[in-house]
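Only one structure is covered here, and it is reproduced in the block below.
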Amino acid sequence: MPATDSTEVVERVLRWYDEHARDLPWRRPGAGAWGVMVSEFMLQQTPVARVLEPWRVWLERWPTPTALAAAPAGDAVRAWGRLGYPRRALRLHRAAEAITEQHGGVVPDDLAALLALPGVGSYTAAAIASFAYGRRHVVLDTNVRRVLARVAAGMAAPPVAATVAESRLAEEFLPAEPARAARWAVASMELGALICTARSPACERCPVEDVCAWRRAGRPAAEGPRRRQAYEGTDRQCRGALLAVLRSSDVSVARDELDAVWPDPVQRERSLTSLVLDGLVVGDDLVGYALPG
DNA sequence: AACACGTGGTC
DNA sequence: TGACCAAGTGT
């Protein structure tokens, strides 16, 4: 058992959530499992504020997995807009095809079937099963990892890579009753997103401040600085520049038009090749380049 | 295990 | 002002 009284923490966080939950569109009853799934794809590494509008447009245009599967993959990539990581759009499209062909057009409700879908990893599978279907699963995203690290372990931040200890801890907090477990999953995420934030946590408004191990220890700083990945001048930035050209064009784009947006020819070639390899771009120097039909 | 993979907002 | 951060996945 953790030193922290998990039952008490869960109880208080659920009560806090009752009062402070954001009214996000994918949390409304009408959103459906597909609405939840689309939101989870869009929210991978992307802030809520930037997802709201693309999500609304997406669901209006493709209300079901089957509707999306019937559209060209390029339409999905274009509709993804500037959310970032456009491979997610491609994976979502491929997942919609798989759901259409293998699951009768219905988003699966069990972990194994969800995990088999492209772009669905352990977090997203648990999130869909929990949020859309009320199943009991540990939903361990960056918010929950941070909340548990602080409340129970007294650390400012969770380990860089997820550990079995974290999963075990999360399991101890998970209520036995499925509906309550699902509620805890979304509530603990919300606490991490609104109160127990990475930068400047609002402990004074936290429902579990007085039992938080990190708060009690005087909010000690994190261990070492985490080195982050560079972006400026990388292939990622180059790919983004190339794809931006193709996103904004309805017709095939000539090679020299792509050459104009990135100075280094070697990196440009490498990036374009990787985009084609990913399936985000189709074409060649002869016919030009475009998003996949 | 470590790295690739976009983009934009914040302090 | 640039470094950090945002509901991860795939290799």
Side-chain angles (χ1 to χ4, degrees), chain A residues 21-22 24-27 31 35-55 77 80-92 94-95 114-132 137-147 156-164 170 182 185-194 196-201 221-222 224-247 261-262 267 270-271 273-275 277-281:
Chain A
R22 286 170 294 180
L24 300 175
W26 45 83
R27 285 182 184 163
V36 170
M37 180 169 166
V38 172
S39 79
E40 290 307 332
F41 269 72
M42 290 184 168
L43 286 164
Q44 290 170 6
Q45 300 285 282
T46 306
V48 166
R50 289 185 36 216
V51 165
L52 289 169
E53 183 60 9
W55 182 88
V77 174
W80 199 254
R82 303 189 65 79
L83 278 178
Y85 292 143
R87 291 192 298 188
R88 290 182 293 166
L90 214 50
R91 289 174 183 151
L92 181 52
R94 289 170 182 164
L114 287 165
L115 276 171
L117 298 172
V120 177
S122 59
Y123 161 75
T124 301
I128 294 171
S130 180
F131 303 159
H137 294 296
V138 167
V139 180
L140 211 48
D141 80 323
T142 187
N143 288 303
V144 178
R145 294 183 62 211
R146 186 174 55 249
V147 167
V160 175
T163 64
V164 292
V186 69
S188 55
M189 282 178 62
E190 189 78 336
L191 187 72
L194 299 182
C196 194
T197 61
R199 206 81 64 99
S200 50
R226 307 183 172 202
R227 73 176 189 282
R228 48 180 260 89
Q229 295 180 336
Y231 178 65
E232 198 68 24
T234 61
D235 286 8
R236 285 159 71 191
Q237 188 182 27
C238 180
R239 284 165 55 106
L242 295 174
L243 207 56
V245 174
L246 301 180
R247 256 201 315 263
V261 300
W262 196 263
Q267 189 173 32
R270 185 171 66 234
S271 297
T273 299
S274 74
L275 284 171
L277 207 60
D278 286 345
L280 281 165
V281 173

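Numbered from 1 within each chain, the chains take letters A, B, ... in sequence-line order.
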Which comes earlier along DNA chain B counting from the 5' end, the contact point of A/S274 or that of A/P47, where each point is its nearest nucleotide?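 Whichever sits nearer the 5' end wins; that is A/S274.
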Donor-acceptor contacts under 3.5 Å from residues 44-51 of chain A side chains, at least two apart:
residue	atom	partner	partner atom	Å
A/Q44	NE2	A/G119	O	3.3
A/Q44	NE2	A/T124	OG1	3.0
A/T46	OG1	A/M42	O	3.4
A/T46	OG1	A/Q44	O	3.3
A/T46	OG1	A/R88	NH1	3.2
A/T46	OG1	A/R88	NH2	3.0
A/R50	NH2	A/R82	O	2.9
A/R50	NH2	A/L83	O	3.3

To the nearest Å, how far apart are [X] [atom1] and [N] [atom2]?
X      : N      : atom1 : atom2 : answer
A/D278 : B/dC5  : CG    : P     : 8 Å
A/L92  : C/dG10 : CG    : P     : 13 Å
A/Y85  : B/dG8  : OH    : P     : 13 Å
A/R270 : B/dA4  : CZ    : C1'   : 12 Å
A/M37  : C/dA7  : CE    : P     : 20 Å
A/L117 : C/dT9  : CG    : P     : 12 Å
A/L90  : B/dG6  : CG    : P     : 11 Å
A/L52  : C/dA6  : CG    : C1'   : 13 Å

Close side-chain approach of [X] to [Y], heavy-atom, < 4.5 Å:
X      : Y      : result
A/E190 : A/N143 : no
A/S271 : A/W262 : no
A/L243 : A/P86  : yes
A/R145 : A/P159 : yes

Taking N or O atoms only and anything under 3.5 Å, show me the protein contacts with nucleotides 1-3 of chain B, one pair per line.
residue	atom	partner	partner atom	Å
B/dC3	OP2	A/R227	NH2	2.8

Taking only N and O in the side chain of [X], is any of them less than 4.0 Å away from OP1 or OP2 of [N]?
X      : N     : result
A/R239 : B/dG6 : yes
A/R145 : C/dA6 : no
A/Y231 : B/dT7 : yes
A/Q45  : C/dG8 : yes
A/R22  : C/dA7 : no

Could I get the full list of side-chain contact (heavy atoms from CB on, under 4.5 Å) partners for A/S130, not counting sequence neighbours?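 side-chain contact (heavy atoms from CB on, under 4.5 Å) check on A/S130 returns A/V139, A/A182, A/A185.
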Quick one: list whatever passes side-chain contact (heavy atoms from CB on, under 4.5 Å) with A/A125, sequence neighbours left out.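 Scan of A/A125 (side-chain contact (heavy atoms from CB on, under 4.5 Å), adjacent residues dropped) gives A/L111, A/L114, A/L115, A/V120.
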Does [X] reach a base, just sugar-phosphate, or nothing at all? Heavy atoms under 4.0 Å.
X      : answer
A/T46  : base
A/L83  : base
A/W80  : nothing
A/L24  : base
A/D235 : sugar-phosphate

Select one nucleotide: of [options], the one nearest the side-chain heavy atoms of [X].
X      : options             : answer
A/R82  : B/dG8, B/dA4, C/dA7 : B/dG8
A/N143 : B/dT7, C/dA7, B/dC5 : C/dA7
A/M189 : C/dT9, C/dA7, B/dC5 : C/dA7
A/W26  : B/dC5, C/dA6, C/dA7 : C/dA7

Taking only the [atom1] atom of each, what is the distance from [N] to [M] in whole angstrom?
N     : M     : atom1 : result
B/dC3 : C/dA7 : P     : 23 Å
B/dG8 : C/dT1 : C1'   : 15 Å
B/dA1 : C/dA6 : C1'   : 23 Å

Give me, pair by pair, the N or O atoms of the protein and of nucleotides 9-11 of chain B that are less than 3.5 Å apart, along with how far apart they are.
none

What are the two closest non-hydrogen atoms of A/A95 and A/L117, and how far apart are they?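 Nearest heavy atoms, A/A95 then A/L117: O-CD2, 4.1 Å.
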Does A/R146 use its side chain to pair, donor to acceptor, with the backbone of A/C196 at less than 3.5 Å?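 Checking the backbone N and O of A/C196 against the side chain of A/R146, a donor-acceptor pair under 3.5 Å is found.
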If you take any heavy atom closer than 4.0 Å to DNA chain B, which residues from residues 119-129 of chain A end up in contact?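 Here the set is empty: none.
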